[in-house]
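Reviewing the structure listed below.
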Amino acid sequence: MTTAEAAYDPVTVDTIVVGAGIAGIAVTAQLLRAGSTDVLVLERAADIGGTWRDNIYPGVACDIPSHLYAFSFRPNPDWSRRFSTGAEIQDYLRGVVRDEGITPHLRLGTDVTDMTWDDHNQNWLVTTNRGMFRSRVLILAAGRLSEPSLPAIPGLDSFSGPVMHSSTWNPDVDLSGARVGVVGTGASAIQLVPQVAAIAGQTTLFQRSAPYVVPRSDALIPSADRVRFASDPAAVTAHRERLFVDAEAGHTARVTAGAERDALRSVALHHLGAQVTDPELRRQLTPDYEIGCKRVLLSDDYYPAINSGAVTLEPSALLAMDGNTAIAASGHRFPVDVLVFATGFAATRPPFADRVRGRDGRLLADHWSEGMTAYASILVAGFPNLMVLDGPNAALGHNSAFVMIEAQAELAVTLLRRMTSESVAVIEASAEAERHWTEQVDVASAGSVWLSGCRSWYVDERSGRLTLLWPGTATNFREALAAVAELPLPSSRENVPATA
Ligand code: NAP
């Protein structure tokens, strides 16, 4: 026992889940449903919800249909819109936490600073700002869109106005009449730009790359449908399944050039042509890479905000600040009062990897020095009894994150249940299993649109590998993980040192 441990006397539990966002909620709900009650969920923030707690910028909403952006085991008959607002999703998640009995297991305001595998005791020692814990199993559900990525902008210190990232929005900053500079043109930016432009005096948008944007066609869900969904749970399930099948159809355009991709591209370019009248502006807003390489965005008010003149499009990156003047890469200068960075997240290099030590004290960040890898998306060689949710190759561009997260949570809970029933103390992917899985991912992603040359957070800049996205369909992912659940429990005996 270390000195620190002697002082704090670790609390011992069977399973620790780090993070109370969608993934942490999913796996905890499944654990509790399976009868595992010795679970603690450590969450550094003061509330649950992850992305949907943090992102409160004006216009924040989801671009996956509401009934598909929900747990299959906890449908919500009462979604108000086709595409839910961030606040409605956060309310839904709060309801799930309450109704699934997760609340007593939550430890909010608990920041995990170190997670170290103890080979002698065969458990994890978890250090937090609120004491130490030991657990047989550690489930990392710390999110992939949780750490803002801010570009290093020379001269930013000389800017005297408020600076916000899309995920650290401060509603107290008064934008009315202000000159606002927005950096970035991804999914977050296209939602907030029209809202900001409606109240700001002038909005300047720094666009490094133009996105593809297709119609959103949001609408209220008719009350007759909501009444029907409330009285007939099977109708909600059937509706969700239809939405799932529709979304899956979007995968073909991503992996193969051909009619589907051509059709998607022409929908986007027609949308641009219909909403932006000035040919020069249209040219600047036309992407110079293949559609699908980055997330295809949905909006009906982004182009009109630019077309109306309320937004000045600067078709180059923000290069530097000189006091309250923003300098674009083109050399153009713009006076600004407020700066908004909609510049995405540290997704390929998750900061939690610097806090996890596996066998022989090896850092997860070192294991992932060329990019994230895993076996079955959730198990990492050299890190016994660790499961990483929403980590390597676990995201999708064409379907709902809930589907992917549920598949991982189901595998995690099945493996834990089998460890108990088969009296296995330790599971771990072998290096060979991880390498084989990674090779399969590489084969499936070769030639796909994601590797066609654009800059995106799906691809690790160190290796050029597709590390965030699963290259197949959501159905393939479910099937691949379900198959792993049937195999003998993963063991790395060949890798275990003789002393272990
Ligand atoms: P993002 O997709 O990573 O976009 C970041 C944007 O910032 C890009 O346009 C990028 O330009 C730009 N950028 C980065 N550094 C820059 C610099 N130095 N100068 C100028 N521009 C710079 O981030 P995001 O928009 O926050 O979205 C992240 C993910 O969150 C999405 O892909 C999606 O999965 C999720 N999201 C979902 C929804 C939804 O409705 N479901 C809404 C918001 C977010 P480049 O393109 O040139 O790199």
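Note that ligands are numbered from 1 as they come in the structure, with each ligand's atoms numbered from 1 the same way. Index from 1, following the sequence. Everything quoted here is computed from the prediction, not taken from an experiment.
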Under 4.0 Å between a Lys/Arg side-chain N and an Asp/Glu carboxylate O for [X] and [Y]?
{"X": "Asp322", "Y": "Arg333", "value": "yes"}
{"X": "Arg82", "Y": "Asp63", "value": "no"}
{"X": "Arg94", "Y": "Asp47", "value": "yes"}
{"X": "Glu100", "Y": "Arg74", "value": "yes"}
{"X": "Glu290", "Y": "Arg265", "value": "yes"}

Have a look at ligand 1 and work out which part of [X], if any, has a heavy atom under 4.0 Å from it: side chain, backbone, both or neither.
{"X": "Val183", "result": "side chain"}
{"X": "Ala61", "result": "backbone"}
{"X": "Leu298", "result": "neither"}
{"X": "Phe83", "result": "neither"}
{"X": "Ser167", "result": "neither"}
{"X": "Pro151", "result": "side chain"}

Are [X] and [Y] close enough that their ring centres sit under 6.0 Å apart?
{"X": "His165", "Y": "Tyr57", "value": "no"}
{"X": "Tyr212", "Y": "His271", "value": "no"}
{"X": "Phe206", "Y": "Phe334", "value": "yes"}
{"X": "Trp79", "Y": "Tyr92", "value": "yes"}
{"X": "Trp470", "Y": "Tyr458", "value": "no"}

Under 4.0 Å to a heavy atom of [X] - the qualifying atoms of ligand 1, by number:
{"X": "Phe345", "result": "26 (O)"}
{"X": "Asp63", "result": "39 (C), 40 (O), 41 (N)"}
{"X": "Lys294", "result": "45 (P), 46 (O), 47 (O), 48 (O)"}
{"X": "Ser209", "result": "45 (P), 46 (O), 47 (O)"}

What closest approach, in Å, do Ala353 and Leu363 show between heavy atoms, and which atom pair accounts for it?
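Minimum heavy-atom contact is O-CD2, 3.9 Å.
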
Determine, using heavy atoms of [X] and all atoms of ligand 1, whether some pair is separated by less than 4.0 Å.
{"X": "Gln207", "result": "no"}
{"X": "Ile64", "result": "no"}
{"X": "Tyr57", "result": "yes"}

Short N/O distance, under 3.5 Å, between [X] and ligand 1?
{"X": "Ser166", "result": "no"}
{"X": "Ala342", "result": "yes"}
{"X": "Ser188", "result": "yes"}

Considering only non-hydrogen protein atoms, determine which one is nearest to [atom] and report residue, atom name and distance to 0.1 Å.
{"atom": "atom 3 (O) of ligand 1", "result": "Trp457 CD1, 3.3 Å"}
{"atom": "atom 23 (O) of ligand 1", "result": "Gly344 CA, 3.1 Å"}
{"atom": "atom 30 (O) of ligand 1", "result": "Leu145 CD1, 3.4 Å"}
{"atom": "atom 8 (C) of ligand 1", "result": "Thr185 N, 4.0 Å"}
{"atom": "atom 4 (O) of ligand 1", "result": "Gly186 CA, 3.7 Å"}
{"atom": "atom 19 (N) of ligand 1", "result": "Ala317 CB, 3.4 Å"}
{"atom": "atom 37 (C) of ligand 1", "result": "Ala187 CB, 4.1 Å"}

Residues Glu280, Gln284; criterion side-chain hydrogen bond (donor to acceptor under 3.5 Å, both in side chains); working and verdict
CA-CA 6 Å; Glu280 174 56 13; Gln284 292 172 343; 3.2 Å; yes

Selected option - heavy-atom contact closest to atom 15 (N) of ligand 1, from Arg208, Arg295, Arg216:
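Of the listed residues, Arg208 has the closest heavy atom.
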
The one among Glu314, His165, Gln191, Arg455 that brings a heavy atom closest to atom 42 (C) of ligand 1:
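Selected option, by shortest heavy-atom distance: Gln191.
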
Side-chain heavy-atom pair [X], [Y] within 4.5 angstrom cut-off:
{"X": "Trp437", "Y": "Val484", "answer": "yes"}
{"X": "Thr203", "Y": "Val182", "answer": "yes"}
{"X": "Glu88", "Y": "Thr85", "answer": "yes"}

